[in-house]
Amino acid sequence: MKFSSGTVYQIYPRSFYDSNGDGIGDIRGIIEKLDYIKSLGVDYIWSTPFFVSPQRDNGYDIANYREIDPRFGTMADVEKLIAEAGKRGISIMMDAVFNHTSTEHEWFQRALKGEEKYLNYYIFKDGEPDKPPTNWVSKFGGNAWEYVPHLKKWYLHLFDVTQADLNWENLEVREELKDILRFWKKKGVKGYRFDVVNLISKPAEFVDDNQGDGRRFYTDGRHVHEFLKELVKDSGIDGMITVGEMSSTSIDNCIRYSNPNEHELSMTFSFHHLKVDYKGGDKWSLMDADISALKKLFEDWQVGMAEGGGWNAVFWCNHDQPRAVSRFGDDEKFHNESAKMLAATVHLMRGTPYIYQGEELGMTNAKYTSIEQYRDVESLNYYKILRDAGKSEEEALKIIGERSRDNGRTPMQWSAEKFAGFSSVEAWISSPENYKQFNVEVEERDENSVLNFYKMLVQFRKNNRVVQEGDINFLERDNNDVIAYRRSLDGEELIILCNYRGKNVDLSEKSLSEFCAAGYKKIIGNYENLADNLRPYEVIVFQK
Ligand code: GLC
Ligand code: CA
């Protein structure tokens, strides 16, 4: 298990640190903060895209894979970042957005000019202006096809209309993408994160989906494993750290993606556990998180992947998700307790943990009060869709407030100073008021802070083979308030007990005093003394 002792830190450059006072985070900003990142003890940095892009989807719409967007810096800055990180024992993972390009990419521009070669780089279908080839729905809302009148053709975009899906059936496209991987490997990146990579293989025929939004036709599609094997082999990146972002995937497929014998990827991100608060599976319908469902998903994925020799990326937060402490914890009354409990839940699991910038501070949702404060294309689209569907402004704002990706994109909170110490001017997106309380400066000084708890967890994994390689089995399986599991290796055991409620709860299998009587010692907790039940959002780790 090659990547079992390490932890990855995810950076969203636009919101990490602004070195030149234009309100937008940049590459030099990351370089300036490398010592901070090093202090966390992490081994890898995954940075979301900093390539040339019209920024319709904040860089996930790439117009040139080999050049740096001037907003973020220069190629020299990126080279320096790779070198300076390397000096600190930290490897850089690059974001490979290969399902689609920006419509401003030269390939697409040449397709628009009618060049046959480049028309074949994308998924174009002949048709009439009023009849899209299928009824598939874009992940950002609306139909997934866009008509180009002068070509009399439609093109597929599973995301924004400016993000055209590439045609992976075309070997020339696959060769281009391998070249990009080689280019960045030469520059010194040590790994890759593949954006929505289980969507790359589209079906032979494009037909309407009468049961859903079309995803069943292209998710974990017919050639996806073949394509990945070929990409990895030909570009010479096998053995490097790679993680695939898998949309609506299955355990069986993720085993194949990540079992080392398959030579595809090192690990996979799956998102089922981050849909347990979607009412009826709909992101835009609110409900409280279903803790029983959450627990069942953790168990299925932890045990299922272990049995199949797969490897999970374990995480709560990224640039597409609301903040975990606001979502699964209580970000006011039990802020520190719930942030720590959530951290322990995933960091002691079997897999490679990812920390998303600011998560280690317990950063919360944005708590915006007006639609003007939002920036994300998805949030703005859905605000309109919700309003058009008859929701009041207040209702729509409440839904966007909980579900917006901007919740994870507010500036990193460096200090209690103006603009959260992120920039000398107002940032491109505003901060929640609580930055004065939760920030690096304050938390570095407080030994009981969420920040110091994260550092401890990262170190704990490094020092304990039972966390890296131990078996996992779940406890308290019928207890709706608690997520609990055991890790074991060569007679050594860890018991992780997490209370997901803002009240005291009892354990149903073995009480805390019974654990103690059986020789278990409490080694990690977020309250000082042991009570006879779990206190609000308490985490206890026992060792034997
Ligand atoms: C992934 C990215 C997300 C982006 C989408 C399309 O889900 O994480 O930010 O919008 O892919 O590239
Ligand atoms: Ca800047």
Identified ring-ring contact (aromatic ring centres under 6.0 Å, His included) counterpart of Tyr374 within the set Tyr368, Tyr382, Trp428 | Tyr368

Ion pair check, [X] and [Y], cut-off under 4.0 Å:
| X | Y | answer |
| --- | --- | --- |
| Glu230 | Lys178 | yes |
| Glu394 | Lys398 | no |
| Arg182 | Asp179 | yes |
| Asp290 | Lys296 | no |
| Arg222 | Glu169 | yes |
| Glu262 | Lys229 | yes |

Using atom types as modelled and distance alone, determine if a side-chain donor or acceptor of [X] lies under 3.5 Å from a backbone N or O of [Y].
| X | Y | value |
| --- | --- | --- |
| Ser258 | Ser266 | no |
| Tyr65 | Leu181 | no |
| Ser138 | Asp160 | no |
| His150 | Leu112 | yes |
| Gln373 | Thr369 | yes |

Atom pair [atom1]/[atom2] of [X] and [Y] - distance to nearest 0.5 Å:
| X | Y | atom1 | atom2 | value |
| --- | --- | --- | --- | --- |
| Ile251 | Gln302 | CD1 | CD | 10.5 Å |
| Gln163 | Leu156 | CD | CG | 12.0 Å |
| Ile400 | Tyr383 | CD1 | OH | 8.5 Å |
| Leu158 | Asn99 | CG | CG | 5.5 Å |

Under the side-chain contact (heavy atoms from CB on, under 4.5 Å) test, residues paired with [X] that sit two or more places apart:
| X | result |
| --- | --- |
| Phe183 | Arg66, Met75, Lys187 |
| Ser53 | Gln55, Asp61, Asp69 |
| Pro432 | Thr364, Thr410, Gln413, Asn434 |
| Asp95 | Trp46, Thr48, Pro49, Tyr60, Val97, Arg193, Asp195 |

Can Glu264 and Arg256 be said to form a salt bridge (Lys or Arg N to Asp or Glu O under 4.0 Å), step by step?
-> CA-CA 8 Å; Glu264 294 184 16; Arg256 292 176 67 190; 5.4 Å; no

Test of understanding: with salt bridge (Lys or Arg N to Asp or Glu O under 4.0 Å), list the residues that count as partners of [X], not counting sequence neighbours.
| X | value |
| --- | --- |
| Asp238 | none |
| Lys113 | none |
| Lys384 | Asp388 |
| Asp288 | none |

Does [X] have any side-chain hydrogen bond (donor to acceptor under 3.5 Å, both in side chains) partners at least two apart in sequence or in another chain, and if so, which?
| X | result |
| --- | --- |
| Lys367 | Asp331 |
| Glu426 | none |
| Asn381 | none |
| Ser19 | Asp26 |

[Y] versus [X], side-chain donor and acceptor atoms under 3.5 Å:
| X | Y | result |
| --- | --- | --- |
| Asn135 | Asp209 | no |
| Asn253 | Ser250 | yes |
| Asn198 | Asp220 | yes |

Show your working on side-chain contact (heavy atoms from CB on, under 4.5 Å) between Phe315 and Gln10 and close with a plain yes or no.
-> CA-CA 11 Å; Phe315 72 105; Gln10 185 198 343; over 6 Å; no

Go through the steps to decide whether Arg405 and Asp57 satisfy the test salt bridge (Lys or Arg N to Asp or Glu O under 4.0 Å), and finish with yes or no.
-> CA-CA 11 Å; Arg405 304 193 299 179; Asp57 187 22; 2.9 Å; yes

Centroid-to-centroid, [X] to [Y], below 6.0 Å?
| X | Y | value |
| --- | --- | --- |
| Phe108 | Tyr118 | no |
| Trp154 | Phe206 | no |
| Tyr192 | Phe98 | no |
| Phe328 | Trp316 | yes |
| Phe140 | Phe159 | yes |
| Tyr122 | His100 | no |
| His272 | Trp301 | yes |
| Phe269 | Tyr354 | yes |
| Tyr278 | Trp284 | no |

Would you say [atom1] of [X] has more than 12 non-hydrogen atoms from neighbouring residues, nucleotides or ligands within 6.0 angstrom?
| X | atom1 | value |
| --- | --- | --- |
| Lys117 | NZ | yes |
| Lys275 | NZ | yes |
| Arg375 | CZ | yes |

Give the C-alpha distance, both sets of side-chain angles, the deciding distance and a yes or no for salt bridge (Lys or Arg N to Asp or Glu O under 4.0 Å) between Lys295 and Glu299.
-> CA-CA 6 Å; Lys295 171 167 141 149; Glu299 174 164 7; over 6 Å; no

Checking Lys33 against Tyr17: charged group under 6.0 Å from the ring centre and within 45 degrees of the axis?
-> yes

Walk me through it: do Asn318 and Tyr12 pass the test side-chain hydrogen bond (donor to acceptor under 3.5 Å, both in side chains)?
-> CA-CA 9 Å; Asn318 66 28; Tyr12 195 67; over 6 Å; no

Show the numbers, then the answer: is there a side-chain contact (heavy atoms from CB on, under 4.5 Å) between Arg403 and Leu286?
-> CA-CA 9 Å; Arg403 296 296 145 88; Leu286 302 181; 3.5 Å; yes

Could you check Arg409 against Asp320 for salt bridge (Lys or Arg N to Asp or Glu O under 4.0 Å), going step by step and ending with a plain yes or no?
-> CA-CA 8 Å; Arg409 299 177 178 186; Asp320 296 328; 3.1 Å; yes

